[in-house]
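To keep things clear, I will list the structure first and then write my remarks on it.
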Amino acid sequence: VRRLEPIQAKAASRATRSIKWMRRNPAPTVGLGAVALFVLTGAGLLIKQDLDRREVIADELRAAEVAIGEEDPAAAAEALTRVRDRAPDSLRARELSRDVEDLRTRLERAAREAEDRAAAAEARAEAADRQLAYTELRGRIEERRAALDADYSAVFDQPAARSSRV
């Protein structure tokens, strides 16, 4: 019995054709599945390795920032060296390197200023000691001058003794 109605058929979708192909060809299907699994596993491992590397870099950058905050340029430089080993083009590492150099410069300047202050304090103490010694010597000189003046007056201010020759 045939009716004169249009046939309602659709073309098979790609998914349906792929499933049929996999059922007809199991060996290539397993091979393709193994390759896909291998590629996905490798990609996952590479992504995990990159994430771990980025985490280590972030930890080292934080360590460098903490060392800069604690004014320890040696520890900061060491942390930044480890960062540059893993990420040579890190902009943050370059910024922190400049901060470390600024810190070193500031600490060196502070050390020089402290040395200069210590030298100035030593010079002031030496000047005070010399001033004290000068004052003491000046006092002694004045005492001796007074004694000499007294002796001079005793010798030269006496009336001259008359000579017996007259």
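When reading the values below, keep in mind they use all heavy atoms of this one structure, side chains included, and skip hydrogens, waters and symmetry mates.
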Looking at [X] and [Y], does any basic side-chain N land under 4.0 Å from a carboxylate oxygen?
X	Y	answer
E95	R92	yes
R104	E108	no
K48	D52	yes

If I take atom [atom1] from residue [X] and atom [atom2] from residue [Y], how far apart are they, to the nearest 0.5 angstrom?
X	Y	atom1	atom2	value
R130	T135	CZ	OG1	14.0 Å
L80	I68	CG	CD1	6.0 Å
L46	L51	CG	CG	11.0 Å
D85	E60	CG	CD	9.5 Å
W21	T16	CH2	OG1	15.5 Å
D99	L103	CG	CG	8.5 Å

Worksheet entry | Flag side-chain contact, heavy atom, 4.5 Å: D102 against R106 |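 Of all side-chain heavy-atom pairs linking R106 with D102, none is under 4.5 Å.
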Worksheet entry | Student check: side-chain heavy atoms of E70 and V66 closer than 4.5 Å |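 Result yes, sub-4.5 Å side-chain heavy-atom pair found.
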Contact summary for [X] and [Y], nearest pair of heavy atoms:
X	Y	answer
A93	V83	CB-CG1, 3.7 Å
V100	P73	CG1-O, 4.0 Å
A76	A64	CB-O, 3.8 Å

Item to complete: Mind running side chain to side chain contact (heavy atoms under 4.5 Å, CB included) on R94 and R84 for me, showing each step along the way?
Response: CA-CA 9 Å; R94 289 181 187 169; R84 277 190 235 109; 6.0 Å; no
Worksheet item: Do V39 and L37 belong to the same hydrophobic cluster, where Ile, Leu, Val, Met, Phe, Trp and Tyr are linked whenever their side-chain heavy atoms lie under 4.5 Å apart, directly or via other members?
Response: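 No; tracing contacts between hydrophobic side chains, which count when under 4.5 Å, never links both residues.
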Worksheet item: Step by step, would you call R140 with E136 a salt bridge (charged side-chain N to carboxylate O under 4.0 Å, His left out)?
Response: CA-CA 6 Å; R140 285 203 212 126; E136 289 175 9; 5.7 Å; no
Worksheet item: Could you go step by step and tell me if R145 and D149 meet the salt bridge (charged side-chain N to carboxylate O under 4.0 Å, His left out) rule?
Response: CA-CA 6 Å; R145 178 173 283 155; D149 285 344; 5.6 Å; no
Item to complete: Look at atom CD of E142 and say whether more than 12 heavy atoms of other residues, nucleotides or ligands are closer to it than 6.0 Å.
Response: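 Yes - once you tally the heavy atoms of other residues, nucleotides and ligands closer than 6.0 Å, there are more than 12.
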